[in-house]
Protein chains: 2
Amino acid sequence: MAQRGQSDAAGRSRRAPAENAAEITTPMPAIGGNGLRDRARAIPEAAVARLAVYLRVLSGMREQGVGSVSSEELSVAAGVNSAKLRKDLSYIGSYGTRGVGYEVEVLVDQIERVLGLTREQSVAVVGIGNLGHALANYGGFPGRGFPVTALFDVDPDLMGVPVGGIPVAHIDDIPSVCAAREVTIGVIATPPPAAQAVCDRLVEAGVECILNFAPVVLQVPETVEVRKVDLAVELQILSFHVARRADHAPAEDATPAQRVNGVANPNGVAVRR
Amino acid sequence: MAQRGQSDAAGRSRRAPAENAAEITTPMPAIGGNGLRDRARAIPEAAVARLAVYLRVLSGMREQGVGSVSSEELSVAAGVNSAKLRKDLSYIGSYGTRGVGYEVEVLVDQIERVLGLTREQSVAVVGIGNLGHALANYGGFPGRGFPVTALFDVDPDLMGVPVGGIPVAHIDDIPSVCAAREVTIGVIATPPPAAQAVCDRLVEAGVECILNFAPVVLQVPETVEVRKVDLAVELQILSFHVARRADHAPAEDATPAQRVNGVANPNGVAVRR
DNA sequence: GCGACTTTGTGCCCGCGTTCACAAGCAGCT
DNA sequence: AGCTGCTTGTGAACGCGGGCACAAAGTCGC
């Protein structure tokens, strides 16, 4: 992560070296605040990504009537090691009871709080092609959803046509519509050439968080955060691994892949062997 | 920044300059081989992701007739710092001339070689919903494409229907079809409940690299590499940032976001200030 | 009420990836 | 040739995130 993304690609996370210098372990006197701000600020990006995964797993558990869960159980369900899971949870506070585990309900609430899911985010999708359609219909997923409240495109045939219940507007209306509906997250699913222009309009509309599916490096003001999902890059990374193992072990696993059941890496980063 | 290369099917030849392969710094005995294997193995995942980005930028430059480029130019175009770019390029060999820069053509070829793009990868997409459609039509993107050669779903109405030129087959046929078409990369775009079963079938068919769009933690053998793209997680990470800055600076940027033009982070990670 | 057991929370270490800064090397001019 | 200026390639330091292992803390049973 992904990545790195995804995220992470995987590989992920970077920040200005100056200020985070003193996070985590440092007591940090919580200068003028409730401390939650400073805490929220200190959570590493990678941990945030995993928290989102934990949230999904926990939501599933809650629906199945599971009342409490240990870090061990949760960690295998989420595909991470239990120490990392506990550390991640410790970033948001101490909500477990030693010797017992965590209460599912509590954990769900707290993670939602930290991820800012208590106030519903309003999402705008720009570019209503196949991908845009998919995103517009993505509305309800486990836990609270991100309501898609605005759709934009340039195709005249699409204007006013409802997709997933929301009529499509012209991208020229981005500023007014986004302001009116208090859009906080913009999703760019346009062809590459249009991406920067669309991005500029979103920024102009006051959107400060953007998820970009177009394979373009967006230029944005420092105040705006961009996350990128790049299909081509993902495929190329996989291609790299295909090539690497082809080079590296020209003739081995002719054996029909027995189920060893390793665990998929949460960051979308490949297991290196 | 306009690029958008569709067809650039110039058959280029590749050939690894065997000499420079194993030298440089690492002693690394290069046990039984050309050393390229060891090198390829040593490239960090994060660097691979960036190389893919460089490749796209370079392809665009080549189409515009740019002959050579310095690390500085390329780094700003790709949105990374120049030192990192040079280090990334150094992983694949020394193809620059000091005092001058890099030859675009050479760099493109070498990156393609390392990413394994010289042998075309065959991709299968499972789950032909909106997202599946989008992926099936994704075939041609800058540089060489990944040919999608197989599509699968369970919907009887879709059987045999061509999408993006390829008829949809039933997921029960995954093993046979994938084997026949030598699929090396599988893409899962199914609803969550079906993902694990589909994954198992792909693995059974010998696919060792999987790109998973379903919000599920897949269980796979150790030999299989999984990358995950999780829309919900991406949105939640952005939501986290919205919440964080809302908490942290309740009343500041009333100013209409002036164009400072920071540069989007290549890892998809937000620029934090 | 006390001891034993279980599980959390975290201090510490380690390795990877990023960044800095500089030496090495090439081109072009005098 | 030799000097100058520029850019690459990389050694070395740094900082973050991951993992281990243990102390703290609470529960359960007797």
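Keep in mind the model is a prediction, meaning the values are calculated, not measured. Quick note on labels: first sequence line is chain A, next is B, and so on, each numbered from 1.
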Quiz item: B:Ser70 or A:Asp88: which one's nearest nucleotide on DNA chain D is closer to the 5' end?
Solution: B:Ser70
Quiz item: What is the distance from NZ of B:Lys87 to P of D:dT8, rounded to the nearest Å?
Solution: 15 Å
Exercise. Ignoring backbone atoms, test whether A:Arg86 places a side-chain nitrogen or oxygen under 4.0 Å from the OP1 or OP2 oxygen of D:dG19.
Key: no
Exercise. Give the rounded distance in Å between these two atoms: CG of B:Leu85 and P of D:dT8.
Key: 9 Å
Quiz item: Below 4.5 Å, heavy atoms only, C-beta onward: do B:Arg227 and B:Glu45 meet side chain to side chain?
Solution: yes
Self-check item: A:Glu72 CD - D:dG19 P separation (whole Å)
Solution: 13 Å
Self-check item: pair B:Gln236-A:Phe146: side-chain heavy atoms closer than 4.5 Å
Solution: yes
Quiz prompt | Distance in angstrom units between B:Glu103 CD and C:dC26 C1', rounded | solution = 15 Å
Quiz item: Should B:Ser71 be listed as having a side-chain N or O under 4.0 Å from OP1 or OP2 of D:dT8?
Solution: yes
Practice problem: Indicate whether OP1 or OP2 belonging to D:dG9 is found under 4.0 Å from a side-chain N or O atom of B:Tyr102. | Solution: yes
Exercise. Look at the side chain of A:Ala46 and decide which nucleotide, out of D:dT8, D:dG18, C:dT10, has an atom nearest to it.
Key: D:dG18
Quiz item: Roughly how many Å is it from CG in A:Asn81 to C1' in C:dT8, rounded to a whole number?
Solution: 14 Å
Quiz prompt | Nearest-nucleotide pick for A:Ser94, side chain only, options being C:dG9, D:dA21, D:dG9 | solution = C:dG9
Quiz item: How do B:Thr97 and A:Val100 order along DNA chain D: which one's closest nucleotide is nearer the 5' end?
Solution: B:Thr97
Self-check item: Atom-to-atom span, CD1 of B:Ile43 to P of C:dT18 - whole angstrom
Solution: 13 Å
Exercise. Using heavy atoms to find the nearest nucleotide of DNA chain C for A:Ala83 and A:Gly99 separately, return the residue whose nucleotide is more 5′.
Key: A:Gly99
Quiz prompt | Exam field: side chain B:Arg56 to backbone A:Pro215, donor-acceptor pair closer than 3.5 Å | solution = yes
Self-check item: Any side-chain heavy-atom pair of A:Leu107 and A:Tyr54 under 4.5 Å
Solution: no
Quiz item: Do B:Arg86 and B:Ser71 have side-chain N/O donor and acceptor atoms under 3.5 Å apart?
Solution: yes
Exercise. Calculate the interatomic distance between B:Glu45 atom CD and C:dC16 atom P; express it in whole Å.
Key: 14 Å
Quiz item: Atom CG of B:Leu107 and atom P of D:dT8: how far apart are they, to the nearest Å?
Solution: 10 Å
Self-check item: Side chain of A:Arg98 - closest among D:dG19, D:dT10, C:dT8
Solution: C:dT8
